[in-house]
Peer 1: 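Would you mind keeping the following structure in view while I ask a few things?
Bear in mind that the values here come from a model prediction, so they are computed numbers and not experimental data. Note that ligands are numbered from 1 as they come in the structure, with each ligand's atoms numbered from 1 the same way.
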Amino acid sequence: MRTDKIRILRKSKINAEIKVTPDKSITHRAVMLASISSGECIIHNPLKSKDCYSTVNALKSLGVKIVEDKNNFHIYGVNMEGLCSPKEVIDAGNSGTTVRLLCGIIAGNEIEVKIIGDDSLSRRPMKRIIEPLRLMGVTIDAKEDNYLPLVIRGTKNLKSITWENKIASAQVKSCVLFAGMYAEGVTIYKEPILSRDHTERMLQYLGVKLSIKDTVFSIRGKVKKIKPFEILVPADPSSASYFIAMAVLLPNSSLVIKDVCVNPTRMGFINVLLKMGAKITLSNLRILYNEPVADIVVKSSKLKSIKIEPDDVPAMIDELPLLAVVATQADGVTEIRGAGELRIKESDRIKTIVSSLQHLGAKIIELEDGMIIMGNTTLCADSDNLELDSYNDHRIAMSLAVAGSICHNSFVITNAGCVDVSFPGFWDLYKSL
Ligand code: S3P
């Protein structure tokens, strides 16, 4: 299927049981930790998306053997300090998680690595990891001291730090905790609101000493080894969210999404939908490899508007553009505040979603740190020739697909293939419903 331009047609209802792709955040972390383990690890059901291949290929360049079969990655760990300087630059593509988390591991290896990325990633700030890593003793040069290309030189003599971040960022937290595994002493990281905690869960599952009090994380350094492990990656709640939204919005729909990670730090979107009146239940709840997993059952629902406060943002950071789409259908005015981080994602997601939805007739106002969305709006493209760009941002493309499913006439999404960074197969699944 040609995925650069996709015509989006209105849908009537969906009634199905589906699976969505495996979790991106968990796959990145599992690949990295397996690479510095002391033997063969098996990652069952990894996400095979472009972003995850950025991480896999980076680790291959750093000397890690990774063998792939249909449903697994076999990763032959090289021990904590066994990474080698790569012969070529590492291209992280579109993946911020690859750059930011990988730097935490490179920090403790005596190697020099140059990292580049695509246009979008080259515009995203790296100072947030450069500052704490430098304080720990890592040498880093970056364009304007903030952007890729970045050259990082790790050291065997990392010092522990206490680092308080003013923003909630799982990527920065994970970077500092990874580096903290190598440092002399205890590294302490504090964040203002709890961001996704997959790193903490995985480290604890692997027996690394990490203590957690509210949003303060203390990791004991000089970790000698990570034992080889196996892990099964559950489905990605962020990928599930697009289909959850469609089932809620389309009358007479009923949808089951199997085996989804329902980690509370990722449940912001579902919790907000529940407060708005959505009929969503979890069934078959269980814990797999220290992550809660369940089937999500969704029925079409009438929604009322909501106010999103800064504290609500981290648990639904990637779903906020989609919430804007959903809010156009709610009864009342929805307000999203404290979401300034959206401006430095794969695109400026406040600007891109606001302008795209305005083209579909939504009444939506851009704020510096969020948006205001009027509800009860009929979405309608001004002509069948309307082309909306994804801005090469996967979450914008998929949010617009949901908007299109309830839009009165059809329109085209350009650069739609960008969904492959997190959700290969999205368009096939979307069209099959
Ligand atoms: C991610 C953390 C979030 C999220 C991103 C993936 C992760 O970014 O937006 O898609 O896997 O740690 P920040 O931690 O920078 O907010």
Peer 1: When you check the gap from the basic side-chain N to the acidic O, do E387 and K5 get nearer than 4.0 Å?
Peer 2: yes
Peer 1: Do V293 and V260 make a side-chain contact, defined as non-hydrogen atoms from C-beta onward lying under 4.5 Å apart?
Peer 2: no
Peer 1: Would you mind reporting whether D23 and E291 have side-chain heavy atoms less than 4.5 Å apart?
Peer 2: no
Peer 1: List, for ligand 1, each N/O atom that has a protein N/O partner under 3.5 Å away, with both atom names and the distance.
Peer 2:
residue	atom	partner	partner atom	Å
ligand 1	8 (O)	K345	NZ	3.0
ligand 1	9 (O)	D318	OD1	2.7
ligand 1	9 (O)	D318	OD2	3.4
ligand 1	9 (O)	K345	NZ	2.8
ligand 1	10 (O)	D318	OD2	2.9
ligand 1	11 (O)	S25	OG	2.7
ligand 1	11 (O)	R29	NH1	2.9
ligand 1	12 (O)	R29	NH2	2.6
ligand 1	14 (O)	S169	OG	3.1
ligand 1	14 (O)	A170	N	2.7
ligand 1	14 (O)	Q171	N	3.0
ligand 1	15 (O)	S169	OG	3.2
ligand 1	15 (O)	Q171	OE1	3.4
ligand 1	16 (O)	K345	NZ	3.0

Peer 1: Would K24 and D236 pass as an ion pair if we require N to O under 4.0 Å?
Peer 2: no
Peer 1: Of all residues at least two apart in sequence or in a different chain, which pass the side chain to side chain donor-acceptor pair (under 3.5 Å) check with R196?
Peer 2: S25, D318
Peer 1: Quick one: do the S195 and S169 side chains pair a donor with an acceptor below 3.5 Å?
Peer 2: no
